[in-house]
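This report refers to the structure that appears directly beneath it.
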Amino acid sequence: RQAIDESKLTAESRKISVAFDCKSESFVLGDRGQLEMAISNLVENAINYSPDTTQVAVTLTKEKGLVEISVKDQGIGIPDKDLERIFERFYRVDPARSRATGGTGLGLSIVKHVATNHGGDISVWSVEGAGSTFTLRLPEYVDSIKSLEAM
């Protein structure tokens with residue numbers, strides 16, 4: 001939730017609504033700061049690459065032992081030819097946009113690194129002109145003692 005709150009001012013200034021939907025309470029084991037930074041990066045990117053007055057949706061779900069955090073925008077989308085490279089360090093789909101967004105091309109590579117270090121992964125679905133959805137998948141933490149107590 002903190003990662004979303006950090007982006008609130010940027011979103012409000014552009015009349016972009018950021019919606020959060022937590023389908024179920026879930027826990028992951030890991031470095032809180034790194035995980036918040038990864039989610040914050042995805043939300044900031046969604047805002048930066050979306051037109052004014054659109055919506056960014058952040059959804060948290062559980063699926064087969066994985067916690068999935070999806071960030072969906074209604075932005076410019078990513079060309080098919082660039083999809084395989086966007087998680088590379090310093091790679092920018094449109095280098096000219098770096099002046100407008102202030103990015104370095106490191107954000108998505110950091111997200112991938114954080115996901116990998118936590119036993120998870122990151123994927124993207126995108127259509128040019130329709131937006132993108134980034135999904136961070138992390139192993140769900142299940143407290144075995146609490147699970148036994150519930151039996």
Side-chain angles (χ1 to χ4, degrees), residues 1-80 82-93 97 101-144 146-147 150:
R1 188 92 185 145
Q2 182 178 340
I4 296 168
D5 290 340
E6 289 174 1
S7 303
K8 199 173 190 173
L9 285 177
T10 306
E12 286 176 353
S13 71
R14 299 194 33 230
K15 294 183 174 62
I16 295 174
S17 64
V18 180
F20 178 63
D21 184 14
C22 181
K23 305 258 185 225
S24 62
E25 187 173 285
S26 304
F27 297 92
V28 297
L29 191 59
D31 183 299
R32 182 184 189 118
Q34 286 184 14
L35 293 168
E36 286 178 351
M37 177 184 55
I39 296 165
S40 178
N41 183 284
L42 294 174
V43 173
E44 282 288 329
N45 279 355
I47 292 167
N48 286 338
Y49 289 96
S50 292
D52 293 355
T53 70
T54 56
Q55 181 181 54
V56 170
V58 181
T59 307
L60 187 144
T61 57
K62 274 195 302 193
E63 184 74 32
K64 298 178 184 171
L66 294 174
V67 175
E68 293 187 352
I69 302 157
S70 295
V71 180
K72 180 180 181 180
D73 65 50
Q74 298 171 316
I76 61 174
I78 302 164
D80 286 342
D82 294 305
L83 284 173
E84 289 184 22
R85 299 198 58 203
I86 60 169
F87 296 106
E88 293 176 14
R89 288 176 35 182
F90 304 113
Y91 186 79
R92 297 200 51 103
V93 172
R97 282 192 56 94
T101 61
T104 61
L106 286 173
L108 291 176
S109 68
I110 291 170
V111 172
K112 182 177 181 177
H113 181 75
V114 170
T116 303
N117 282 350
H118 286 82
D121 67 16
I122 180 81
S123 63
V124 62
W125 170 91
S126 188
V127 173
E128 281 187 271
S132 304
T133 302
F134 286 84
T135 303
L136 178 62
R137 289 177 197 80
L138 301 164
E140 180 183 16
Y141 172 71
V142 179
D143 187 338
S144 57
K146 286 184 180 178
S147 295

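Only a predicted model underlies this, so the values are computations on that prediction, with no experimental measurement involved.
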Looking at every non-hydrogen atom in both residues, tell me the closest pair between [X] and [Y] and how far apart they are.
X	Y	value
Thr61	Ser24	C-OG, 4.4 Å
Gly77	Ser132	CA-OG, 3.7 Å
Ile47	Ile16	O-CD1, 3.7 Å
Ala38	Val111	O-CG2, 3.6 Å
Asp73	Gly75	OD1-N, 2.8 Å
Thr135	Ser70	OG1-OG, 3.1 Å

### Derivation of the side chain to side chain donor-acceptor pair (under 3.5 Å) call for Arg137 and Ser123
CA-CA 8 Å; Arg137 289 177 197 80; Ser123 63; 3.0 Å; yes
### Task
Check whether any side-chain N or O of Gln74 sits under 3.5 Å from a backbone N or O of Gln55 as a donor-acceptor pair, and report yes or no.
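Here the side-chain-to-backbone pair exists.
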### Message
If we ignore hydrogens and angles and just use 3.5 Å, is the side chain of Ser17 paired with the main-chain N or O of Val56 as donor and acceptor?
### Response
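Judged by distance alone, no pair lies under 3.5 Å.
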Side-chain contact, heavy-atom cut-off 4.5 Å: [X] with [Y]?
X	Y	result
Thr116	His113	no
Asp80	Glu128	no
Leu35	Leu138	yes

Would you give the length of the straight line joining atom [atom1] of [X] to atom [atom2] of [Y], rounded to the nearest 0.5 angstrom?
X	Y	atom1	atom2	value
Ser109	Ile86	OG	CD1	11.0 Å
Glu84	Ile78	CD	CD1	12.5 Å
Ser7	Asn48	OG	CG	8.5 Å
Asp21	Thr59	CG	OG1	5.5 Å
Phe20	Ile69	CZ	CD1	8.0 Å

### Query
Taking it one step at a time, do Ile122 and Leu42 satisfy side-chain contact (heavy atoms from CB on, under 4.5 Å)?
CA-CA 11 Å; Ile122 180 81; Leu42 294 174; 4.0 Å; yes
### Query
NZ of Lys62: more than 12 outside heavy atoms within 6.0 angstrom?
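Yes, NZ of Lys62 has more than 12 neighbouring heavy atoms, counting only those of other groups under 6.0 Å.
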### Task
Answer yes or no: is there an ion pair linking Lys15 with Asp52, defined by an N-O contact shorter than 4.0 Å?
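Looking at Lys15 and Asp52, the cut-off is not met.
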### Task
Give the intermediate values and the outcome of side-chain contact (heavy atoms from CB on, under 4.5 Å) for residues Ile110 and Gln34.
CA-CA 9 Å; Ile110 291 170; Gln34 286 184 14; over 6 Å; no
### Task
Verify side-chain contact (heavy atoms from CB on, under 4.5 Å) between Leu108 and Phe134, making sure each step is shown before the conclusion.
CA-CA 10 Å; Leu108 291 176; Phe134 286 84; 3.9 Å; yes
#### Entry: Stepwise side-chain contact (heavy atoms from CB on, under 4.5 Å) check, Val71 with Asn45
CA-CA 10 Å; Val71 180; Asn45 279 355; over 6 Å; no
